[in-house]
Each structure stands twice: as structure tokens, then as C-alpha cells.
Amino acid sequence: MNIFKKLTPGKHLYGASLKYPAAYRFLLQPSYSTVEVHSQQQEVVIAIGSNVGDRLNNFNEALRLMRKSGIEISRHGCLYETAPAYVTDQPRFLNSAVRGVTTLGPHDLLQELKKIEKDMGRTAGIRYGPRPIDLDILFYGKFRINSDTLTVPHERIWERPFVMAPLIDLLGLDVDNDTVASWHSMSVQSSGLHESWQKLGGESLIGKEGMKRVLPVGNWLWDWSEKTSIMGILNLTPDSFSDGGMYQSVEAAVSHVRSMITEGADMIDLGAQSTRPSAELISPREELNRLLPVLEAVLEMPEMEGKFVSVDTFYSEVAREAVNRGAHLVNDVSAGKLDSQMFKAVAELKVPYIAMHMRGDPSTMQNNENVQYQDVCKEITSELYSRVKEAELSGIPAWRIIIDPGIGFSKRTEHNVDILVGLPAIREQIAMKSLAVAHGPMLIGPSRKRFLGEICQRPVAVERDPATVASVTAGVLGGANIVRVHNVRDNHDAMRVCDAMLTRRRSRS
């Protein structure tokens, strides 16, 4: 039986009561009366750190074991690579945090986390020294806990940027429930956790040598904020709107990839299913027959060293096979809506996932009912975030998710223009729900699309490259991090100018 020295609610309890298994009896303040309580779910925040061995694999294993122990993980922070604190002569850490619910009492939860640490090879060593995994309870329900073995909130939250950053990621700017309100009330700053983060330095700390926000891709930890990344398009279809039929042979495809890499592409997006408006769907098997020979040839190219390959598919079967053959990312124009197994597949594959907004499917997306919006940016935010939330619940961490507002998919010309102008608003509206998703990468893909032809009166797709440069420039200055384009050379030059402008802007802020 665990007896707390002190267990007090936060300043705002909203009338809720804490319940645990009948064996638990707690001393509650301010009444100091002993009461018997019964089990119910409590929302918790757990910090994760690792700097020994395969750090990312350690994270994945810890998440698996936490789920197995009865912690239902609902949100993930971003992933940070950080300089060691306190004991500085040791390897760099990976840090993040997760939010979830459990019926375990606080000390039972602590014991489960200690068991996970032990099972993963953590041993007693110097305090703050190297460890394969470190799991700390930051918050437990609405309660303050102070016993011989457990203090909640964790007493060192407020001095540690590597803890505060992923903790803040787990929140939105809106307070989404009473438990989160109580966490804010426990902050050392009267205005809540966001103010505590700002007092430490907030976003100004990110991107510096001591703390980088990263996205794991293959064997790399990709700091996607360093520069705008260019995704070169390789269509392996006979009917794509811009270059259908041009790269169906392996030789032609490899030659085009070589050109795009030479011109500055950071990654190549292979698509074997046309997603142009009114395109007819092909089967996963036919898509794989087009894709795999080219994928294997591209991955063997010496020029692909240090470059990424994404597979553009909405079929989980294609995603699994492509990743098993070496693809690094999955780019899904449907955000999981066209294949109910996609989220499960990507969670198991443990690769980055590009979730794009679209209504309907390619054959129906431009139907009248799918292009009705009152506020296109607001509705995209709501619909896309609902897919991202489901992806997280399915086991895809936020630190592996890239969002795409879906320019050209189930939108009219004016909607696409509104999106390019409204990228900051989309990110801000997502931040109201999840700062982890808002802090993550955003991809845009306006390249050569019909709306540019309508604006510029260019009916031929390949004549829309200047308009593409203008649109991706606007998008990057509005916050996009990755641009998906056909003409790499011209857009590469434009992105370098944009990056120089953004660097100057940040230096003056």
C-alpha cells in the first residue's frame, strides 16, 4: 500500500475526484482525511530521453513497452537532439515526451517505467550520466504528488529546455480539457506552461547547437529547418497531367533522377499511380509493377547517397513493399482515407509520413460537393488535423509526420491561392490544437498545376514553370519547408534566395 506524504490537486480541479484501485489509500490536502478511492483513467505526461546505443530504436522500444504496460499513448512531442546537461562529457541525447492515459496508480506507473528502463539495459550509474532510456513522469492527472519516491510535477521541469520543449509540443494554444488546465495552474509562472517555456527562451532556443528539432529518416536525423528542401517529382505513369509516359522505362527514369539530383533535389518522390483530376484508379499490384524496378534502380545510384526517396501512394500494400525495398518516406495524398490499413502499416514501418488534405479520391475530388468551402484554410486545418490525430492514435508519432494542405486537390483556383496566402494561418490554427504538429514540417506541391494555367493563361503544363517558381516562393516565405516540383533547377535557385531572406528576417527579430 502506498501512502503519499502529500497529494494535492492543482489550483483548478473543476470538481473532479481522483480514483485508484481499492488497495490504494491516499492522504489528500487540504483536509488530510484518509479516503478510499477506485480505479479510473488518468491523463499523464512522460518524458523520454536516450543517449546510449541506437537512440531512436530505444525510443521505439520504450513506446512499445509503455503501450504493453497499459499506457494508451495519444500524443507525441517533436523529437529533439540535445547537448547533455549537468554531466557534459557524454554523447548527445534524443529527447521527447508523450501524453496518454492509464489506470495505473502513480506509484504503479513509476514502477512500470522503472521496469522498462531496467529491461532496456539501464543500470545504476552516475546521476545525469549516460543511459539507454530515461522515463520520467512529468504530470499525473490533476494532482501534485510528493512522496519518498515520486514528485509530480517533476521538480526540474522548469529549468530544462530539453524537457519543456517537448512538453509544450503536447499542448495546443487552446486548453483542451480540465486536466491540461490544471497542468498550467501548476506552472511556476502564473500565466501557465507557455509562459514558463518563454522564460527559458522558448522557440529562440531551437535550431542552435545545443538543441535541434529533428525528423528521423532512414539512418539520419534530419534537421529540416536548416534550409528549404526540394522534392523532385518522378511520375512513372502513362497519364500524369504534366509528364505522363515520359519516364516509364527504367533507363529514362534513372536519367531524369540523375538530372534532378545534379540540379539540387534533396529527395525524389516516385509515383506510379496518377492522381490528376478524374484519374482512374489502378490496383496495388499494377502500381507495384510500375514502381519497384525503378525504385530499386534509383536506390542503387551513387548520386543518391545522402538523398531521400519517398513513395507517392495511398495503398498500404504499396507502402509496405516500397519501404521494405528501401524507400524512406510514404507520401499519401489521402492521409489514410483511401486505405484503412495505411496508418497501421506506416506505424509498423516506422518511417516519416506525409499526410495531405483531399476530399474524395482523384476521380471525384473535383466534384462540386468536394470543392465547397466557407473558409478554405480553416476547413483544411480541421479536416487534416483530424487525420493526423487518428494517425497518432494509430502509433505514428508526431515527430514522423509532415503535413501538406493539398494544393490542387479538391480545390478551385481561388482556394489554391487562398492556401498559398494562408499558410501562416493554417499553421497557427493547427497550433491551437497541437503545437507538435504545428512545429513540424509542411510540404506544398503547386508545381505546374491547372490553377496556375488558369491564372496565367497557360494551358500547357510545362509552360507553367515560372508560375510555379512564384507560387513556391510565396509558400516558402509563408512557412513551407519542403516544395514538391517538376523543374528542380529553377526552383532550387528560388529557394536559396528565399532561405537567404528568411535568415535575414530571423536575424532581425
Query raised in the report: Do any N or O atoms from the side chain of H492 and from the backbone of V488 form a donor-acceptor pair under 3.5 angstrom?
Result: no
Requested in this report: Examine distances only and state if a side-chain atom of T82 and a backbone atom of G210 form a donor-acceptor pair shorter than 3.5 Å.
Outcome: no
Query raised in the report: Does the side chain of K411 reach to within under 4.5 Å of the side chain of H357, using non-hydrogen atoms?
Result: yes
Query raised in the report: So, the side chain of R427 versus the backbone of G440: is there a donor-acceptor pair under 3.5 Å, distance only?
Result: yes
Query raised in the report: When rounded to the nearest 0.5 angstrom, what is the spacing between CD1 in I282 and CD in Q273?
Result: 4.5 Å
Query raised in the report: Where do D266 and K227 land on the salt bridge (Lys or Arg N to Asp or Glu O under 4.0 Å) test, with the steps shown first?
Result: CA-CA 11 Å; D266 301 290; K227 69 180 184 70; 2.7 Å; yes
Report task. Apply side-chain contact (heavy atoms from CB on, under 4.5 Å) to the pair F59 and L79, showing each step before the final yes or no. Result -> CA-CA 10 Å; F59 266 56; L79 190 65; 3.7 Å; yes
Report summary line: What one should report as the nearest heavy-atom pair of L236 and A253 is CD2-CB, 4.2 Å
Query - Electrostatic pair R496-D493, nearest N-O below 4.0 angstrom - result: no
Requested in this report: Answer yes or no: are there more than 12 heavy-atom neighbours, outside D174 itself, under 6.0 Å from its atom CG?
Outcome: yes
Query raised in the report: What distance do L291 atom CG and E286 atom CD have between them, rounded to the nearest 0.5 Å?
Result: 12.5 Å
**Report entry** Pair V217-W224, side-chain contact (heavy atoms from CB on, under 4.5 Å): steps then yes or no
**Finding:** CA-CA 11 Å; V217 187; W224 44 267; over 6 Å; no
Requested in this report: Determine whether more than 12 heavy atoms belonging to other residues, nucleotides or ligands lie under 6.0 Å from atom CG of N324.
Outcome: yes
Query raised in the report: How far does CD of Q429 sit from CD1 of I380, to the nearest 0.5 angstrom?
Result: 9.5 Å
Query - Check: D499 side chain, T228 main-chain N or O, donor-acceptor pair, under 3.5 Å - result: yes
**Report entry** Expected output: side-chain K307 to main-chain A265 donor-acceptor under 3.5 Å
**Finding:** yes
Query raised in the report: Can you find a pair of side-chain heavy atoms, one from L338 and one from P362, that are under 4.5 Å apart?
Result: yes
Query raised in the report: Sub-3.5 Å donor-acceptor pair from the side chain of D223 to the main-chain atoms of S225, do we have one?
Result: yes
Query raised in the report: Looking at L423 and A480, what are the two nearest heavy atoms and their distance?
Result: CD1-CB, 4.2 Å
Query raised in the report: Using a distance-only test with no angle check, is there a side-chain donor-acceptor pair under 3.5 angstrom linking S310 and N331?
Result: no
Query raised in the report: Which residue pairs pass the salt bridge (charged side-chain N to carboxylate O under 4.0 Å, His left out) test with at least one member in residues 343-365, sequence neighbours excluded?
Result: R320-E348, K344-E348, R359-E379, R359-E383
Report summary line: Hits for salt bridge (charged side-chain N to carboxylate O under 4.0 Å, His left out) against D269, two or more places apart or cross-chain, chain-then-number order -> R484
Query raised in the report: Is any side-chain heavy atom of D339 closer than 4.5 Å to a side-chain heavy atom of T313?
Result: no
Query raised in the report: Salt bridge check: are D332 and R387 linked by an N-O gap of less than 4.0 Å?
Result: no
Report task. Any chance you could lay out the side-chain contact (heavy atoms from CB on, under 4.5 Å) test for M432 and T381, step after step, and finish with the verdict? Result -> CA-CA 10 Å; M432 302 306 290; T381 299; over 6 Å; no
Requested in this report: Begin with the C-alpha distance, continue with both residues' side-chain angles, and end with the deciding distance and a verdict on side-chain contact (heavy atoms from CB on, under 4.5 Å) for L109 and V44.
Outcome: CA-CA 10 Å; L109 175 61; V44 299; 4.0 Å; yes
Query raised in the report: Counting only N and O atoms by type, is there a donor-acceptor contact under 3.5 Å from the side chain of R75 to the main-chain atoms of L170?
Result: yes
Report task. May I ask you to decide if T364's main-chain N or O and N370's side chain share a donor-acceptor pair within less than 3.5 Å? Result -> yes
**Report entry** Beyond-backbone contact of V254 with V257, side-chain heavy atoms, under 4.5 angstrom
**Finding:** no
Report summary line: Residues passing the side chain to side chain contact (heavy atoms under 4.5 Å, CB included) test with P161, sequence neighbours excluded, are W197, L200, L205, M211
Requested in this report: Compare every heavy atom of I206 with every heavy atom of A165, then report the nearest pair and how far apart it is.
Outcome: CB-CD1, 4.5 Å
Query raised in the report: What are the two closest heavy atoms between I133 and N58, and how far apart are they?
Result: CD1-O, 3.8 Å
Query raised in the report: Can you check whether D136 reaches R156 side chain to side chain, under 4.5 Å on heavy atoms?
Result: no
Query - Smallest separation among heavy atoms of N51 and P130, with atom names - result: OD1-CA, 3.3 Å
Report task. Drop me the distance from M267's CE to M304's CE, to the nearest 0.5 angstrom. Result -> 10.0 Å
Query raised in the report: Which atom pair, heavy atoms only, marks the closest approach of F343 to A335?
Result: CZ-O, 3.1 Å
Query - K337 and E390, any side-chain heavy atoms less than 4.5 Å apart - result: no
Requested in this report: Please examine the side chains of H328 and V351, heavy atoms only from C-beta on, and report whether any two atoms are closer than 4.5 Å.
Outcome: no
Query raised in the report: Given the rule in the salt bridge (Lys or Arg N to Asp or Glu O under 4.0 Å) test, do K433 and D176 qualify, once you have shown the distances and angles that lead to the verdict?
Result: CA-CA 8 Å; K433 303 173 184 291; D176 54 297; over 6 Å; no
Query raised in the report: How long is the span from the CD atom in E321 to the OG atom in S316, to the nearest 0.5 Å?
Result: 12.0 Å
Requested in this report: For S259 and S255, indicate whether the former's side chain and the latter's backbone hold a donor-acceptor pair under 3.5 Å.
Outcome: yes
Query raised in the report: Does the pair E117/K114 count as a salt bridge with the N-to-O cut at 4.0 Å?
Result: yes
Query raised in the report: Given the rule in the salt bridge (Lys or Arg N to Asp or Glu O under 4.0 Å) test, do R99 and E43 qualify, once you have shown the distances and angles that lead to the verdict?
Result: CA-CA 7 Å; R99 184 171 155 186; E43 192 164 14; 2.6 Å; yes
Query raised in the report: Should the heavy atoms of other residues, nucleotides or ligands under 6.0 Å from CZ of R489 be counted, would the total exceed 12?
Result: no
Query raised in the report: Could you give all pairs that pass the salt bridge (charged side-chain N to carboxylate O under 4.0 Å, His left out) test and reach residues 252-265, with sequence neighbours left out?
Result: R258-E303
**Report entry** Residues forming a side chain to side chain donor-acceptor pair (under 3.5 Å) with E112, sequence neighbours excluded
**Finding:** none
Query - Residue pairs fulfilling salt bridge (charged side-chain N to carboxylate O under 4.0 Å, His left out) with at least one residue in residues 62-72, sequence neighbours excluded - result: E61-R64
Query raised in the report: Are side-chain heavy atoms of F451 and P446 found at a separation under 4.5 Å?
Result: yes
Query raised in the report: How many angstroms lie between atom NZ of K212 and atom CD of E81, to the nearest 0.5 angstrom?
Result: 7.5 Å
Query raised in the report: Is the backbone of P84 close enough, under 3.5 Å, to the side chain of T88 for a donor and an acceptor to pair up by distance?
Result: no
